Amino acid sequence: MSRERLDCHRLLCPMPVIKTQDRIATMQPGDELEVVCTDPGALNDIPAWSRINGHQVLESTTRDDEYIVVVRVCEE
Amino acid sequence: MLAVRVMQEQGIHVEGINFFTGFCVEGHTHAIRKKDQKKPKRNNALWCAEQLGIKLHIIDIIDEYKQVVFNPKHGYGANLNPCLDCKVFMVKKAKEWMQEHDFDFVISGEVVGQRPMSQRKDTMPVVQRESGIDDLLLRPLSGKNLPPTLPEREGWISRDGLYDFSGRSRKPQMALAKQFGFEDYAQPAGGCCFLTDAQYSVKLADLWNSRGSKEYELDDIMLLKVGRHIRPAKHFKLIVAREEGESNFLKGYKKQYPHMRCTSHGGPLTLIDGELSEDELQQAARIVARYSQGKNTPQVELEYVTTTGEVTPMSVEPMPPAEIPREWVL
Ligand code: SF4
């Protein structure tokens, strides 16, 4: 199990979702991905994408001007 | 949404594909402009997929899509929207995806005669032919008005379960949505991208004209969605934020473009695209001052900041609106 970080600074939705989707495709079930964004839309879009694709959102927080979502990769 | 549900009613497994061209009217604009923030910041495609219980794959086609925008074989629509070529391109991409992922056919929610350019009865076969998808493209909402496709002939789906919608009226769709229990059913009646927007197209054409060639990067087309664009000369333009949300968004570009900001009064952040002489800098500052809260005062103080962060203080008389020719404002 590993934990990776994805930098989505300055990217506007849906780019953070696309990057999350593409990175998760390379990861294993049980791995965790921390996505750091500056577009607040990511707080809605990444969890929505995770729900429909069967992954689990462990955390979704706001820190200063950053929006952070942590997703656990699940078996598809 | 309706087309997917029609297929699900027949027991077909459906997954969604959403192509991101860079011009899509989605999240960004909401994220940028403060006044839009009351609207939910949801991504429509994701929201629809969730309602339908299907997976959604969002595909970045920004780079490949440029060729469609630069040289549409079938021309542009009312603005710089190459709808027919765009459909051909997307269906072609969908076919590739279908083959790579072992799916059997592609569906789309198009309705015969609904949109002027790409959904006419005579242009629909063009999409099928030029994309190479032929009879593997099914339009469940208009299926009964169109020749049988392979999925129908093979008996994978039943033609009887398809619909015969046509024309511009959306009433039958609304009725079907109601029947399916979709409460928040809102399909965009106009285009789904900024290329159908007249003002946006003017700005894009201006960008190409000033560069002497049709080209763009994602940042360029994003910036065209934001602020007032003022071009006093072919070699430079100003992007003046219209409100705080836009100022914040433009701040993200401070390392790529020099900018100006007012120090004596409240005022918008302005990016400068192009190389300016001393005189032109003065002219630019006077325009920026005109959009500040000090526009009716004799003198406004500003700062000009380069991409490396060097600051030059300036003091100028705001330019009276009458001195800003209409053609400058894109
Ligand atoms: S409005 Fe739709 S079909 Fe037309 S160019 Fe834009 S994305 Fe393509």
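Keep in mind the model is a prediction, meaning the values are calculated, not measured. Below, chain A is the first sequence line, B the second, and so on; all start at residue 1.
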Within 6.0 angstrom of B:Gln199 CD, more than 12 heavy atoms from elsewhere: no
Point-to-point distance, once rounded to the nearest 0.5 Å, from CH2 of A:Trp49 to NE2 of B:His57: 9.5 Å
Euclidean distance, A:Arg51 CZ relative to B:Leu46 CG, rounded to 0.5 Å: 9.0 Å
B:Glu15: salt bridge (charged side-chain N to carboxylate O under 4.0 Å, His left out) partners, not counting sequence neighbours: none
Evaluation steps, side-chain contact (heavy atoms from CB on, under 4.5 Å), between A:Leu12 and B:Lys225: CA-CA 12 Å; A:Leu12 295 173; B:Lys225 297 178 188 177; over 6 Å; no
Residues of residues 52-60 of chain A within contact distance of chain B, non-hydrogen under 4.5 Å: A:Ile52, A:Asn53
Ring-face cation contact, B:Phe249 with A:Arg10, 6.0 Å cut, 45° max: no
Those residues that, when tested against A:Arg5, pass salt bridge (charged side-chain N to carboxylate O under 4.0 Å, His left out) (two or more places apart): none
Close side-chain approach of B:Trp47 and A:Asn44, heavy atoms under 4.5 Å: no
Atom NZ of B:Lys92: over 12 foreign heavy atoms under 6.0 Å: no
Neighbourhood of chain B inside residues 17-36 of chain A, taking heavy atoms under 4.5 Å as contact: A:Val17, A:Ile18, A:Gln21
Close side-chain approach of A:Cys13 to B:Asn43, heavy-atom, < 4.5 Å: no
Salt bridge B:Lys251-A:Asp65, side-chain N to carboxylate O under 4.0 Å: no
Side chain, backbone, both or neither of B:Ile62 within contact of chain A (heavy atoms, under 4.5 Å): side chain
